[in-house]
Amino acid sequence: MQHPNKILRDFKRLHRFYEDGEVFTAFDTETTDISPSTGRIMEIGAIKFNKDGVIGEFSKLINPERLIPPFITSLTHITQDMVKDCPVMKDVLPAFLDFISDSILIAHNAQFDLNFLNAECEWANLPLTKNRCIDTLQYSRWTVPNVEKHKLDFLADTFKINKGSSHRAFDDARVCMELYKLFCKMNQDI
């Protein structure tokens with residue numbers, strides 16, 4: 001699925017959005033599979049912020065309406081038992097879409113999360129998101145090209161950002177926010 005979101009790639013100017021007071025929502029999803037045609041979102045986390053600080057937070061476990069593969073449980077520590085009584089995505093999605101509103105989204109490997117988010121919108125018969133988006137994976141490759149790896153965990157360790165629980169949506173979203181702010185600071189004189 002090709003998402004309708006515009007990924008911002010003018011890396012020399014991304015810091016200006018922050019300096020100009022734009023509102024951002026860093027978000028992450030944890031999913032049952034790597035393909036939005038066969039997998040579902042089982043956790044979504046987000047943090048809305050601007051240059052003045054955090055505006056709001058969103059964190060939900062979701063019943064994916066399918067079994068969570070053992071590999072995914074070992075990676076995320078999200079078990080079937082944890083999500084069995086949680087709301088399904090079609091019931092969570094309207095609140096999440098309201099939360100992100102028209103903010104600029106930020107995600108690490110954004111195409112993955114945007115594809116899942118918009119697949120869920122399709123399944124729920126809701127409009128697809130059209131928010132502009134910044135991919136911290138691409139931004140990191142441009143800003144710090146000599147770093148050994150550009151995985152979220154590795155970048156967090158490299159720049160001494162508290163990871164919290166890796167592969168949990170809210171903590172990964174918070175790391176994305178911190179990376180974006182760090183890269184903006186590193187690029188402000190360009």
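The residues of the chain are indexed from 1 along the displayed sequence.
- Between Arg40 and Glu30 there is no salt bridge, since no side-chain nitrogen of the basic residue lies less than 4.0 Å from a carboxylate oxygen of the acidic one.
- For Lys84 and Asp81, the salt-bridge test passes: some basic side-chain N is under 4.0 Å from an acidic carboxylate O.
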Report task. Go through Ser166 and Asp172 one step at a time and tell me if the side-chain hydrogen bond (donor to acceptor under 3.5 Å, both in side chains) criterion holds. Result -> CA-CA 6 Å; Ser166 293; Asp172 286 354; 4.9 Å; no
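- Considering only heavy atoms from C-beta on, Thr136 comes within 4.5 Å of Ile106 through its side chain.
- For Asp157 and Lys163, the salt-bridge test passes: some basic side-chain N is under 4.0 Å from an acidic carboxylate O.
- Cys86 contributes atom SG, which lies 7.0 Å from atom CG of Asn63 (distance to the nearest 0.5 angstrom).
- Of the possible donor and acceptor atoms, one in the side chain of Asn187 sits under 3.5 Å from a partner among the backbone N and O of Phe183.
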Report task. Could you check Lys12 against Asp10 for side-chain contact (heavy atoms from CB on, under 4.5 Å), going step by step and ending with a plain yes or no? Result -> CA-CA 6 Å; Lys12 289 181 180 179; Asp10 187 354; 4.0 Å; yes
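- Here the NZ atom belonging to Lys130 is positioned 15.0 Å from the NZ atom belonging to Lys6, to the nearest 0.5 angstrom.
- Here CG of Asp20 is found 8.5 Å from CZ of Phe17. Values are rounded to the nearest 0.5 Å.
- Only one option out of Leu152, Thr158, Leu155, Val147 pairs with Ser140 in a side chain to side chain contact (heavy atoms under 4.5 Å, CB included); it is Leu155.
- Side chain of Thr129 to main chain of Asn131: no donor-acceptor pair is present (N/O by atom type, distance under 3.5 Å, no hydrogens or angles).
- Distance check: Thr32 OG1 to Gln80 CD gives 9.5 Å after rounding to the nearest 0.5 Å.
- At a threshold of 4.5 Å between non-hydrogen side-chain atoms, the residues Leu179 and Cys176 do not count as touching.
- Judged by distance alone, with hydrogens and angles left aside, the side-chain atoms of Asp135 form no donor-acceptor pair with the main-chain N or O of His108 at under 3.5 Å.
- Phe99 and Ala46 get closest at one heavy-atom pair: CE2-CB, 3.7 Å.
- By the 30° and 60° cut-offs, the orientation of the rings of Phe49 relative to Tyr18 is tilted.
- When only modelled atom types and interatomic distance are considered, Asn162 and Asp171 share no side-chain donor-acceptor pair under 3.5 Å.
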Report task. Report the C-alpha separation of Thr31 and Thr29 in whole Å, then their side-chain angles, then the decisive distance to 0.1 Å, and conclude whether the side-chain hydrogen bond (donor to acceptor under 3.5 Å, both in side chains) test is met. Result -> CA-CA 6 Å; Thr31 63; Thr29 61; 5.5 Å; no
Report task. Quick one: do Ile7 and Ile134 satisfy side-chain contact (heavy atoms from CB on, under 4.5 Å)? Show the steps, please. Result -> CA-CA 6 Å; Ile7 305 254; Ile134 295 168; over 6 Å; no
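- Using the six-membered ring where Trp is involved, Phe116 and Phe112 have ring planes that are tilted, between 30° and 60° apart.
- Ser101 places no side-chain N or O within donor-acceptor distance of the main-chain N or O of Ser103, the cut-off being under 3.5 Å.
- Under the 4.5 Å side-chain contact rule for hydrophobic residues, Leu67 and Leu61 do not share a cluster.
- For the atom pair CE (Met42) and CE (Met82), the distance works out to 9.0 Å, reported to the nearest 0.5 Å.
- Residues Ile47 and Phe159 share a hydrophobic cluster, clusters being chains of Ile/Leu/Val/Met/Phe/Trp/Tyr side chains in contact below 4.5 Å.
- Taking all atoms of both residues into account, the shortest heavy-atom contact from Gly164 to Arg174 is N-NH2, 3.7 Å.
- Two residues are said to be in side-chain contact when any heavy atoms from C-beta on lie closer than 4.5 Å; Phe58 and Phe27 fail this criterion.
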Report task. Would you check, one step at a time, whether the test side-chain contact (heavy atoms from CB on, under 4.5 Å) holds for Glu148 with Phe154? Result -> CA-CA 9 Å; Glu148 181 182 338; Phe154 189 85; 3.8 Å; yes
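- The minimum heavy-atom distance linking Glu122 with Leu128 is given by the pair CG-CD2, 3.6 Å.
- Note on Leu137 and Phe24: separate hydrophobic clusters, where clusters join Ile, Leu, Val, Met, Phe, Trp and Tyr whose side-chain heavy atoms are under 4.5 Å apart, directly or indirectly.
- Judged by distance alone, with hydrogens and angles left aside, the side-chain atoms of Asn115 form a donor-acceptor pair with the main-chain N or O of Gln111 at under 3.5 Å.
- Using a 4.0 Å cut-off between charged nitrogen and carboxylate oxygen, Glu43 and Lys60 do not count as a salt-bridge pair.
- Residues Ile55 and Phe170 do not share a hydrophobic cluster, clusters being chains of Ile/Leu/Val/Met/Phe/Trp/Tyr side chains in contact below 4.5 Å.
- Listed for the Ser165 side chain is no donor-acceptor partner under 3.5 Å among the backbone atoms of Arg168.
- The two residues Gly21 and Asn50 come nearest to each other via the heavy atoms O-CB, 4.2 Å.
- In this structure the side chain of Pro87 never reaches within 4.5 angstrom of the side chain of Ile62, judged on heavy atoms.
- Separation of atoms CZ (Phe96) and CD1 (Ile100) is listed at 5.0 Å; rounding is to 0.5 Å.
- Looking at heavy atoms from C-beta onward, Ile44 lies out of side-chain contact with Ser59 at the 4.5 angstrom threshold.
- Of the possible donor and acceptor atoms, none in the side chain of Thr25 sits under 3.5 Å from a partner among the backbone N and O of Leu105.
- With respect to the salt-bridge test (charged N to carboxylate O, under 4.0 angstrom), the residues Lys51 and Glu19 do not qualify.
- Taking every heavy atom of both residues into account, Gly39 and Asp33 meet most closely at CA-CB, 3.5 Å.
- Of the options Arg132, Lys48, Arg16, Arg13, a salt bridge (Lys or Arg N to Asp or Glu O under 4.0 Å) to Glu22 is made by Arg132 and by none of the others.
- Crowding of Lys181 atom NZ: a count of heavy atoms from other residues, nucleotides or ligands under 6.0 Å exceeding 12.
- One hydrophobic cluster holds both Leu8 and Met177 under the rule that ILVMFWY side chains link at heavy-atom gaps under 4.5 Å.
- Residues Thr79 and Ile68 fail the side-chain proximity criterion, which asks for heavy atoms closer than 4.5 Å.
- Note: Tyr139 and Tyr180 have tilted aromatic rings, judged against thresholds of 30 and 60 degrees for the angle between ring planes.
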**Report entry** Intermediate values then yes/no, side-chain contact (heavy atoms from CB on, under 4.5 Å), Leu114 and Cys133
**Finding:** CA-CA 9 Å; Leu114 291 169; Cys133 186; 3.9 Å; yes
